Amino acid sequence: MANRAVPQRPNGQTPGKICQFKLVLLGESSVGKSSLVLRFVKGQFHEYQESTIGAAFLTQTIHLNDVAVKFEIWDTAGQERYHSLAPMYYRGAQAAIVVYDITNQDTFERAKNWVKELQRQATPGIVIALAGNKLDLNTMRSVQTDESQTYAYENGLLFMETSAKTSANVTEIFKAIAEKLPKNETTNTAGQGRRLVESEGANKSLSSCCK
Amino acid sequence: MTEAGEENIVLEGFLCPICKVDFGVDLKLFLHFQEAHSEDQDLVKSFKDLFGKAKEKILKNDIGKKEERHYVWEPQEIGEVQSHFQYFKHCRNKWVEHFVMETNKTVVRLEKLLCNLPQDPNKRKTHEQTIVHWLDGKDVTRCPDCTKSFNITRRQHHCRLCGSIVCHECSCFLPLAKAYETINETAKNQLTSLTQSSPSFRLCVHCGQVLENREQIKYRDLKPLMCDYYDKIIECRNKIENDLLIKFNQTYNLLKEGESSYLTEANRIRSDIVKLAEAIDALSNRILKLENDTNSSKVTTKNIRLAMIQCVQSTVLAIPALPSLKEIEEIAQRKREAAEARLRNGQDLDKPKISQSVSKRHSTQKNEIKLRLEDGWSPVTNANVNSDNPVVEQMNIIKNYIKQAKEAYRFDEVASLERNLQELNEEYFKMQNDSGNMPGYSTKN
């Protein structure tokens, strides 16, 4: 038990910077937000993923050189009924992944709307990534890569086509976000005292978002 | 001549309409009228004009009225629909009944005729006459169909089914074989004995048409066997092309990446495709062997067979052979080694390249599996959080999450979640203030 409390980082790594970021997933229902996150966090894929209720919470840390980037991921429900919750989660977020389904043009249009909403109402400087999910269904594609690539370029978004099923580009997209995020503000030296710093950490990330 | 009676005078002859003098000849009257009453002509003309105008007006009125009548229909209520289907059905039913009765009568008579039909022509004639009353030839002088009169060259003939008289041109023949077929009797022994003597019945065009229609209705809904087979072929083909081939390609690509667990699945899909291809082959062969009367259908069956052979060949040959388990494991091993080598060098972490290429994706993913297994955490969403209000629902979820995070000693997560719960609380009370009566939220933990 005590072991589980401590290991916020893998053994053998020299302690370095830890950055914590809030990341939110947005997009039409059943485009694969939860699958994408589950693949990233647990390496799992469920063919029949249950639809999310409200917003699910997951955390995952990736290491870039000696910097540990910890993502607090809010995986929002795509269903219309929960849209009122979305603003609460993207408001303080430093990063967002807007997901659409490459086999469904409508979800791409919905993704564009999410991007617009984020650009208007989310934290200025939020890193937005556009993910065209279900790349494994490439044969049934209806949104062309060029189209979304151009759209992403014009709006300054990170863009990748992913597949939670085959795990294509899943880690890559989080990595790309981690690289783009500024890493100079929240610096924590890891160690045993980590678990006591929770209030401190809380204050810091509070100051970093626009509330 | 003029007859003078003081009161009721009836004048006859060429009278001037104005001075009422008889002129005897029309020319004289004409001249008199021109000379004496030329000025009155204007009057007449004006009268005529008056009448003309009145006529015009009345006509106009009539038209106007007609238009008005039309206009009455216009302002109907929008969306009002009147169904004439019942009326249509009524009319149609009458017709159908009439038609069915006619047909049945004809068939019943035909059945009676065919029952115990004698071979001898004379006996046969009397037999026919006992079943159907033949019209007397004296009463009919003209063919009722073409209205040409009968004589030595245009002789009278009786329709064996209704007994009416027609000429040769207006009659047709029903072969005995077909007659038996019509009443669903395959009495071949009778048939052979009868064929030499008199092979057919003479019918009037009307009765012939009735029987013809009946045959057509019988075969209308009957699809040729070829269509059945062809539909089945198309079904198989669609399944291969739209479902199985796609699945196969997906699993095949996974195998090529070293995922050996998909081997049985791929094998199953492959054998399914082959089975369906065999089915297509067999069906098309059966189509080819169907009996065909016309040349065009022979060509059709041949073409179908050729197309299907080509289709089967192209699909079956296009399926790549599956790699063996050993090969897959070799691929996986090679990838693992490459990934480990890269991990040792640390290149990938220094400069992570985002690429869509399969091999790179695989290796980078392998690099981070270590990190992911140690760090990824997610609480389980309790399904029992339902509420009318999504915010309340979410609060219940978060409370559950906090509990799980505490149990897992994830205090960073606890902090974040508590912050979120706080926000949700604020949001909830804001909502409650906005609209006084939100569904109740219990504050107990």
Side-chain angles (χ1 to χ4, degrees), chain A residues 1-2 4-11 20 22 37-38 40-43 52-65 70 72-74 77 81-82 84-85 88-89 91-92 136 139-140 160-161 166-173 175-176 179 194-196 198-199 201-202 205-206, chain B residues 245-246 249-250 253-254 257 259 346 349-350 352-356 358 360-362 364-365 367-383 385-386 389-391 393-398 401 405 408-420 423-424 426-427 431:
Chain A
M1 281 302 248
R4 291 202 60 189
V6 183
Q8 298 283 331
R9 54 183 37 263
N11 295 332
Q20 191 163 310
K22 184 173 166 187
V37 147
L38 200 66
F40 174 59
V41 172
K42 299 238 161 173
T52 311
I53 304 166
F57 178 76
L58 304 94
T59 57
Q60 173 68 298
T61 310
I62 56 173
H63 295 267
L64 296 170
N65 297 335
K70 181 169 182 185
E72 286 188 344
I73 303 162
W74 288 99
R81 160 174 157 73
Y82 297 109
S84 56
L85 291 176
M88 280 201 293
Y89 292 102
R91 233 184 276 142
D136 48 293
T139 44
M140 285 141 73
M160 261 178 228
E161 288 189 335
T166 66
S167 83
N169 277 336
V170 175
T171 320
E172 281 80 348
I173 196 164
K175 216 169 184 179
E179 281 174 353
R194 183 88 182 85
R195 46 189 264 190
L196 301 174
E198 60 201 62
S199 59
S205 59
L206 263 177
Chain B
L245 270 184
I246 294 167
N249 284 336
Q250 282 169 5
N253 286 337
L254 285 171
E257 283 176 34
E259 309 258 352
L349 292 176
D350 280 344
K353 274 178 205 145
I354 287 66
S355 81
Q356 304 216 354
V358 170
K360 274 193 183 164
R361 154 164 67 84
H362 221 81
T364 47
Q365 184 196 327
N367 274 343
E368 270 145 24
I369 279 178
K370 252 187 178 170
L371 313 177
R372 184 181 306 164
L373 289 177
E374 285 184 46
D375 272 338
W377 180 78
S378 69
V380 183
T381 307
N382 194 347
V385 292
N386 292 341
N389 187 338
V391 176
E393 220 170 292
Q394 184 64 15
M395 277 196 276
N396 292 335
I397 292 171
I398 298 291
Y401 283 0
Y409 296 101
R410 295 226 165 226
F411 295 109
D412 274 353
E413 279 81 354
V414 171
S416 301
L417 288 165
E418 273 175 351
R419 229 176 302 135
N420 183 250
E423 279 176 49
L424 283 163
E426 284 164 21
E427 182 77 19
M431 272 169 62

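Letters A, B, ... mirror the listed sequences (proteins, then strands); counts begin at 1. Values in this document were obtained by computation on a predicted structure and should not be read as measured data.
- No side-chain heavy atom of Thr139(A) sits less than 4.5 Å from a side-chain heavy atom of Asn249(B).
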Practice task
Carefully, step by step, assess Met431(B) and Ser84(A) under the rule side-chain contact (heavy atoms from CB on, under 4.5 Å).
Solution key: CA-CA 11 Å; Met431(B) 272 169 62; Ser84(A) 56; over 6 Å; no
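- In terms of modelled atom types and a separation under 3.5 Å, the side chain of Glu393(B) and the main chain of Gly54(A) share no donor-acceptor contact.
- Here the OH atom belonging to Tyr401(B) is positioned 7.0 Å from the CG atom belonging to Leu58(A), to the nearest 0.5 angstrom.
- Distance NZ/Lys42(A) to CH2/Trp377(B): 9.0 Å, rounded to 0.5 Å.
- The contact between Asn420(B) and chain A is made entirely by side chain atoms (from C-beta outward), counting heavy-atom distances below 4.5 Å.
- For the options Val391(B), Leu254(B), Leu417(B), heavy-atom pairs under 4.5 Å to chain A are most numerous at Leu417(B).
- Looking at every heavy atom in both residues, Leu85(A) comes nearest to Gln394(B) through CD1-CB, 3.9 Å.
- Here the straight-line distance linking atom CG of Leu38(A) with atom OG of Ser378(B) works out to 6.5 Å at 0.5 Å rounding.
- The distance from atom CZ of Arg81(A) to atom CG of Asn389(B), rounded to the nearest 0.5 Å, is 8.0 Å.
- In this structure, Ile398(B) and Phe57(A) have side chains that are not in contact, with every pair of non-hydrogen atoms separated by 4.5 Å or more.
- In this structure, Ile53(A) CD1 and Asn396(B) CG are separated by 11.0 Å, a value rounded to the nearest 0.5 Å.
- To the nearest 0.5 Å, atom CH2 of residue Trp74(A) and atom OG of residue Ser416(B) are 7.5 Å apart.
- A 4.5 Å side-chain heavy-atom check between Glu413(B) and Lys70(A) finds at least one atom pair inside the cut-off.
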